[in-house]
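Below is one structure, written out as structure tokens; comments come after it.
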Amino acid sequence: MIKSLRGMNDILNDEEYKRYTYFIQTATKVAKNYGFHFIETPILEETALFKRSVGESSDIVGKEMYQFTDKGGNDVCMRPEGTAGVVRAFIQNKLDRAGGVHRYFYHGAMFRYERPQKGRLRQFHQFGCESFGVASVYEDANMIMMVSDILKELGIGYRLQLNSLGDQNCMPQYRDALVSFIESVESEICEDCKRRKTTNPIRVLDCKNEQCQSLYANAPKLIDSLCEGCQSDFDTLKQILDDNEIAYETDTNLVRGLDYYSKTAFEFVSDNIGSQSAIAGGGRYDRLVEFLDGRATPAVGFAMGIERLLELIVMPQEKRSGYYLGAMDDAAVNFILKLAHQKRQTKKVTCEYKPKNLKNHLKGADKVHARFCCVIGSNELENNTIWIKDLEMKTEQTINIKDF
RNA sequence: GUGGGAUUAGCUCAGUUGGUUAGAGCACUAGUUUGUGGCACUGGGGGCCGCGAGUUCGAAUCUCGUAUCCCACCCCA
């Protein structure tokens, strides 16, 4: 038997596909309410796109990409995340030159060559939003409120973690200060941290090693090193969240794994899905458009991991809907199918092809959650009528076929 | 990539010190007067015991390899 590849799953189990489509519908609705519109970009992109956007130092680019050479000799890659492609499309269509505000949402498969576990797959799905052209921190707040709205509508509880990563005025200075601090304790830190010092020094801050953590207690704090602009934006953001009753915790060690973030960084986490607890993450990336050869454009975005959310979604109770059509005589089967065809122009119809007694038709109608069970037997066939029972109201009537 | 646990019916799981035709619940299906659903009763289908070697008279059971899932590390959505 041929099986799907490691970490690549079908979404068709009982409840799963219902949850998946319900999520997409809900998230789409909220995103549209916020003025975002749908965009679809290719799964395959030039490898250079991800190297320049996500960053060479990240694990994603370093070891997790599905990268290969195609038959034309091009170095290509299955997208490991969604932002890079959207930014590329934005620039390619010269929207950076057009000016104005552009807001997009997308959803689709992403690929990372990792060791799978619960909530971590090699092919997984993200829903994401990207906003271009708004430098104001109000837009950052808007994005966070949007995620909050989506999660609330889906009945999903969360904790929101917030940080500011600074911008090109304060971040490089902080980075230098941190590196010299790390050098001062370098002999006592773990191997991983020694490696991080050169690849991505900020990452040492969330090292799990206890000895490292005790040493880093004295490290300079990013949050204390923000320049005036970053600090006031961060304060404004927190004020807006307070005003809108969105609870958050500031986590000065929250460092996003992708290099392109600056200023606002946020992560929504759930305590109910195992160790892969991040269900949504995002932040501001004001420099990315110019890194990818576009005209400098402020931008902010987020992505949600759909698989991680699925089991947390509280599904609305399923209501009976549509019609079930059945015949009690062979002679009526063809007629039933014709009726079904007509009715389907406007309604959802389940049609049973085998003649059965009334009891079994009612069972069948109940099983497909139909609202109305409609049956034609010999009596009905003679009189050109159809028997209809409303399974919810428990009322029944026999009406003329013409009125069906 | 490194460690640990698991894998038996569509699903959740039993299966004795290795011993005949491998079980249960749920689900599915058919009946229980050709006229009243959710319940109940009685039948039925469905398993290369993850896959491949080995030990043995004999393997779901013991050994090795391999694949996948789960957990931790790493990292992220």
Side-chain angles (χ1 to χ4, degrees), chain A residues 1-9 12-15 54 57-64 80-83 107-128 147 158 190-193 195-196 199-200 203 206-209 254-258 266-270 273-282 301-310 320 324 326-332 354-373 375-381 387-396 398:
Chain A
M1 180 175 56
I2 297 175
K3 290 191 284 191
S4 66
L5 295 172
R6 168 180 249 194
M8 301 200 173
N9 297 339
L12 48 64
N13 289 342
D14 298 340
E15 277 284 305
V54 179
S57 74
S58 71
D59 276 17
I60 292 177
V61 169
K63 54 185 193 190
E64 296 175 1
E81 56 97 48
T83 301
H107 49 83
M110 308 292 160
F111 302 83
R112 292 183 196 172
Y113 197 87
E114 296 185 89
R115 180 103 172 228
Q117 57 179 261
K118 190 181 181 64
R120 171 193 287 157
L121 299 164
R122 287 184 170 182
Q123 174 171 347
F124 60 104
H125 297 80
Q126 287 188 336
F127 178 94
V147 177
Y158 62 83
C190 70
E191 290 303 314
D192 283 336
C193 281
R195 176 176 52 81
R196 290 181 185 116
T199 57
N200 196 346
R203 287 228 79 102
D206 57 0
C207 178
K208 301 291 190 302
N209 186 301
L254 173 63
V255 184
R256 317 237 53 250
L258 292 67
F266 59 87
E267 201 161 277
F268 286 74
V269 299
S270 167
I273 52 169
S275 63
Q276 307 307 314
S277 60
I279 51 180
F302 72 83
M304 312 177 85
I306 300 179
E307 281 86 352
R308 289 184 185 178
L309 292 169
L310 285 190
R320 292 183 178 282
Y324 170 101
M328 294 174 69
D329 287 287
D330 274 318
K354 256 169 73 180
K356 291 180 175 181
N357 65 30
L358 187 64
K359 184 170 188 160
N360 282 326
H361 278 311
L362 284 161
K363 270 190 189 179
D366 188 49
K367 204 159 86 181
V368 298
H369 269 92
R371 171 82 188 265
F372 299 102
C373 179
V375 176
I376 293 185
S378 49
N379 301 342
E380 288 79 9
L381 207 53
W387 176 87
I388 301 173
K389 177 161 186 176
D390 182 333
L391 296 181
E392 198 173 293
M393 307 305 289
K394 301 180 196 299
T395 57
E396 57 188 275
T398 301

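Lettering of chains follows the sequences in order, A, B, ..., and the numbering in each one begins at 1.
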Next on the checklist: In whole Å, measure the gap between the C1' atoms of rC13(B) and rU7(B) for me.
Outcome noted: 12 Å
Checklist entry - So what does Lys389(A) touch, heavy atoms closer than 4.0 Å: a base, only the sugar-phosphate, or nothing? => result base
Checklist entry - Hey, does the side-chain of Arg115(A) have a donor or acceptor N/O within less than 3.5 Å of a partner on the base of rC73(B)? => result no
Checklist entry - So which one's nearest nucleotide on RNA chain B is more toward 5', Gly305(A) or Lys356(A)? => result Lys356(A)
Item to check | Nearest to side-chain heavy atoms of Leu358(A), which nucleotide of rC28(B), rA77(B), rU36(B) | outcome: rU36(B)
Item to check | Gap between atoms CE and C1', on Met8(A) and rA67(B) respectively (whole Å) | outcome: 16 Å
Next on the checklist: Using a 4.0 Å heavy-atom cut-off, does Ile279(A) contact any base of the nucleic acid, only the sugar-phosphate backbone, or nothing at all?
Outcome noted: sugar-phosphate
Checklist entry - Whole-Å distance between rA67(B) P and Asn9(A) CG? => result 18 Å
Next on the checklist: Between rG35(B) and Glu380(A), counting only base atoms on the nucleotide and side-chain atoms on the residue, is there a donor-acceptor pair under 3.5 Å?
Outcome noted: yes
Item to check | Phe124(A)-rA77(B) aromatic stacking (under 5.5 Å, under 30°) | outcome: yes
Checklist entry - With no angle test and no hydrogens, is the base of rG31(B) tied to the side chain of Asn360(A) by a donor-acceptor pair under 3.5 Å? => result no
Checklist entry - Hey, does Leu121(A) reach any base, or is it just sugar-phosphate, or nothing, if we go heavy atoms under 4.0 Å? => result base
Checklist entry - Is the side chain of Arg371(A) donor-acceptor paired with the backbone N or O of Glu392(A) at a distance under 3.5 Å, no angle test? => result no
Item to check | Under-4.0 Å side-chain N/O to phosphate OP1/OP2 contact, Lys354(A) with rA30(B) | outcome: yes
Next on the checklist: Within the 4.0 Å heavy-atom criterion, would you say Ala280(A) contacts the bases, only the backbone, or no part of the nucleic acid?
Outcome noted: sugar-phosphate
Checklist entry - What integer distance in Å separates Leu5(A):CG from rC69(B):C1'? => result 15 Å
Checklist entry - How would you label the contact of Gly119(A) with the nucleic acid (heavy atoms, under 4.0 Å): base, sugar-phosphate, or nothing? => result base
Next on the checklist: Nearest to the Gln276(A) side chain among rC76(B), rG35(B), rC39(B), which nucleotide is it?
Outcome noted: rC76(B)
Checklist entry - Which atom names give the shortest non-hydrogen contact between Ala278(A) and Val269(A), and what distance separates them? => result CA-CG1, 4.1 Å
Next on the checklist: Rounding to an integer number of angstrom, what distance separates rA14(B) and rU33(B) when you compare their P atoms?
Outcome noted: 40 Å
Next on the checklist: Tell me whether the side-chain N or O atoms of Lys3(A) pair up with the base of rU7(B) as donor and acceptor below 3.5 Å, since no angle test is needed here.
Outcome noted: no
Item to check | Nucleotide of rA77(B), rU34(B), rU36(B) approaching Asp329(A) most closely (side-chain heavy atoms) | outcome: rU34(B)
Item to check | Per Asn357(A) side chain, nearest of listed nucleotides rC73(B), rU32(B), rG38(B) | outcome: rU32(B)
Checklist entry - With respect to the phosphate group of rC69(B), does any side-chain polar atom (N or O) of Arg6(A) fall under 4.0 Å of OP1 or OP2? => result yes
Checklist outcome for this item: RNA chain B nearest-nucleotide lookup for Tyr113(A) and Met328(A): closer to the 5′ end is Tyr113(A)
Item to check | Nucleotide nearest Lys363(A) when distance is taken to its side chain, options rG37(B), rC69(B), rG35(B) | outcome: rG37(B)
Checklist entry - If you check every side-chain atom of Gln117(A), which of rC73(B), rG37(B), rA77(B) has the closest atom? => result rC73(B)
Checklist entry - Side-chain donor or acceptor of Arg120(A) under 3.5 Å from a matching atom on the base of rA77(B)? => result no
Checklist entry - If you measure from the P atom in rU21(B) to the same atom in rG25(B), how many Å do you get, rounded? => result 23 Å
Checklist entry - To the side chain of Glu64(A), which of rC75(B), rU36(B), rU68(B) is closest? => result rC75(B)
Item to check | Integer-rounded Å distance: rU36(B) P and Ile388(A) CD1 | outcome: 18 Å
Checklist entry - What integer number of Å spans the P atoms of rU16(B) and rA67(B)? => result 29 Å
Next on the checklist: Only Watson-Crick and G-U wobble pairs with both distances less than 3.5 Å should count. Give RNA chain B in dot-bracket notation, marking inter-strand partners with |.
Outcome noted: (((((((..((((.....[...)))).(((((.......))))).....(((((..]....))))))))))))....
Checklist entry - For the base of rG37(B), is there a side-chain donor-acceptor partner from Lys394(A) under 3.5 Å away? => result yes
Checklist entry - Using the ring of each side chain (for Trp, its six-membered ring), is Phe127(A) parallel, tilted or perpendicular to His107(A), with breaks at 30° and 60°? => result parallel
